[in-house]
Protein chains: 2
Amino acid sequence: MEQSRKSRRVVSRRALANEIAQAIRLRMYRPGEWLRQIDLEEKFQATRFDVRAALEELAVRKTIEHVPNRGYRVAEIDLATYFAIRDTRIILETGAMTGVVAHITEEAIERLAVLAREFGEAVVSGTRIEQSEINGAFHHLIYAHCGNPVLEETIWALRDRSRGSQVTVWASHQALLASDRDHHAMIEALRRRDAPRLAELIRHHIDKDMVDETGQLPSLSA
Amino acid sequence: MEQSRKSRRVVSRRALANEIAQAIRLRMYRPGEWLRQIDLEEKFQATRFDVRAALEELAVRKTIEHVPNRGYRVAEIDLATYFAIRDTRIILETGAMTGVVAHITEEAIERLAVLAREFGEAVVSGTRIEQSEINGAFHHLIYAHCGNPVLEETIWALRDRSRGSQVTVWASHQALLASDRDHHAMIEALRRRDAPRLAELIRHHIDKDMVDETGQLPSLSA
DNA sequence: TGCGACTTAATTGGCGCCAATTATTGCACA
DNA sequence: TGTGCAATAATTGGCGCCAATTAAGTCGCA
């Protein structure tokens, strides 16, 4: 009981950074928004020191950006870096597919099928956040089976980095339905252990998710 | 004059971390070696606070590892992560080649040719550190022309991470000579804008540099 | 003489205070 | 009424001190 304050600290070094990252993922903080240290202190029940350490970690991971004497804010990435991240993701995530087909188990594929079904349901009756979380879990589970922890980690870091943008949320219902179809096609390719096909699907998937919504991009070009 | 202390601080946040990273790259600190904060304080003329921030940053970047209440030490990576980094590097660095042949200028290729020649000279009459620096500059210059800053940065981060190992230093003179030949072959392929050939050379280059020396690997398996 | 517990020394790491910087508000003046 | 300047308020960030933890050294005991 009397350790309630202290145990909080022990966990916080990395965990607090992840909690804040999670909050950014869930869009509780929008790109461009300032993260005031005092607010975070009480919101996450942490000391100023821990908050600062967490913010610094996120700044190193490029999830947020640091402006001296101004503070930290959710990185607002421009179109050029946006495409740069997309292209890098394509290289990494397609490159992971040979490993995935080599290592993934039948059980894992079944779990993926369940997630794909859940995503399909969330498309019609779920919130944006639910859709995003299930989609994240789906892809996370795929890359978790590439047999290369470093690759998995690198992929995840880049995905987190691209969240700090307005374009990652699906713009249209059509895009959501297309994503749903992609997921099922991926499972099909996984069952056949067809790495090239999978890579092509992934490439298309990333491309679409990140480009299909250029309709709302003008707000970014400012 | 009176800002001598302060200006030091302004630079330090990121720069001090890079200075320490550089020192690790140059093997002034060996894998497994503890980085004592007091030593770093006077060695780099920084405050304890800055040293700690820099160490934390390097820990986030996985260049060093942090053990609570013990301190920071150069990460001693095991064989499995070693191969994981190698495979991820191959995916990224070969994937960058299409961008490189599309964006690199003739002047840049000439500068690469100069570096390749310098490396060839360093192989016979230079120190290990000189060889390593020229080799780094050569590859850095290549990836600087891939037209994708994010990709370049990711590649560099991974390269830094693999330094924390005994196997990155060239073991044999033969390996050095082979590296030298590879460099010239790369320039040849660059002149012909032959991306597939370049990718194949890079793959072989990484593979060899990192595997050819398994002869001294037993020291790692401990 | 070897092993274990205790004492001492060295190192790390948490945290709060205050200075430095920046944003905001209000006021005077054109 | 609009604009520029000055005072005020709020926020960030540097840093030193000391508690907590760990490693090393020492002594006693079997």
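By convention in this document, chain letters (A, B, ...) are assigned in the order of the sequence lines, proteins followed by strands, and residues within each chain are numbered from 1.
Rounding to whole angstrom units, CG of residue A:Leu40 and C1' of D:dG13 are separated by 15 Å. Counting to the nearest Å, the P atom of C:dA10 and the CD atom of B:Glu41 are 16 Å from each other. As a whole-Å value, the separation of B:Phe49 CZ from C:dT12 P is 16 Å. The CD-P distance, from B:Gln45 to D:dC15, rounds to 13 Å in whole Å. To the nearest angstrom, P of D:dT11 lies 17 Å from CZ of A:Arg73. In this structure, B:Arg48 places its CZ atom 8 Å from C1' of C:dG13, rounding to the nearest Å. Put simply, CG on A:Leu35 is 14 Å from P on D:dT11, counting in whole angstrom units. Protein atom CD of A:Gln37 is 6 Å distant from nucleotide atom C1' of D:dT12, rounded to whole Å.
B:Arg70 has no side-chain polar atom (N or O) that falls below the 4.0 Å cut-off from OP1 or OP2 of C:dT12. Between D:dG13 and A:His66, a contact under 4.0 Å exists linking OP1 or OP2 to a side-chain N or O.
Note on A:Val51: nothing from the nucleic acid sits closer than 4.0 angstrom, heavy atoms only.
Counting only heavy atoms from C-beta on, B:Asn69 has its side chain closest to C:dG13 among D:dG13, C:dC15, C:dG13. The side chain of B:Ile38 sits closest to C:dT11 out of C:dT11, C:dG14, D:dG13. In this structure, of C:dG13, D:dT12, C:dT11, it is C:dT11 that holds the atom nearest to the side chain of B:Arg36.
Taking the six-membered ring where tryptophan is involved, the planes of A:His183 and A:His205 are tilted, since the angle between them lies from 30° to 60°.
Comparing A:Arg52 and A:Pro68 by the nucleotide of DNA chain C whose heavy atom lies nearest to each, the residue mapping closer to the 5' end is A:Arg52.
A salt bridge links B:Arg159 with B:Glu93: the distance from a Lys NZ or Arg NE/NH1/NH2 to an Asp or Glu carboxylate oxygen falls below 4.0 Å.
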Practice task
Decide side chain to side chain donor-acceptor pair (under 3.5 Å) for B:Thr88 and A:Asn148; before the verdict, give the C-alpha distance in whole Å, the side-chain angles of both, and the deciding distance to 0.1 Å.
Solution key: CA-CA 8 Å; B:Thr88 311; A:Asn148 185 333; 3.3 Å; yes
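One finds the CG atom of B:Leu55 at 4.5 Å from the CD1 atom of B:Ile64 (value rounded to the nearest 0.5 Å).
Between B:Tyr72 and the options B:Gln37, B:Glu65, B:Arg36, a side-chain contact (heavy atoms from CB on, under 4.5 Å) holds for only B:Gln37.
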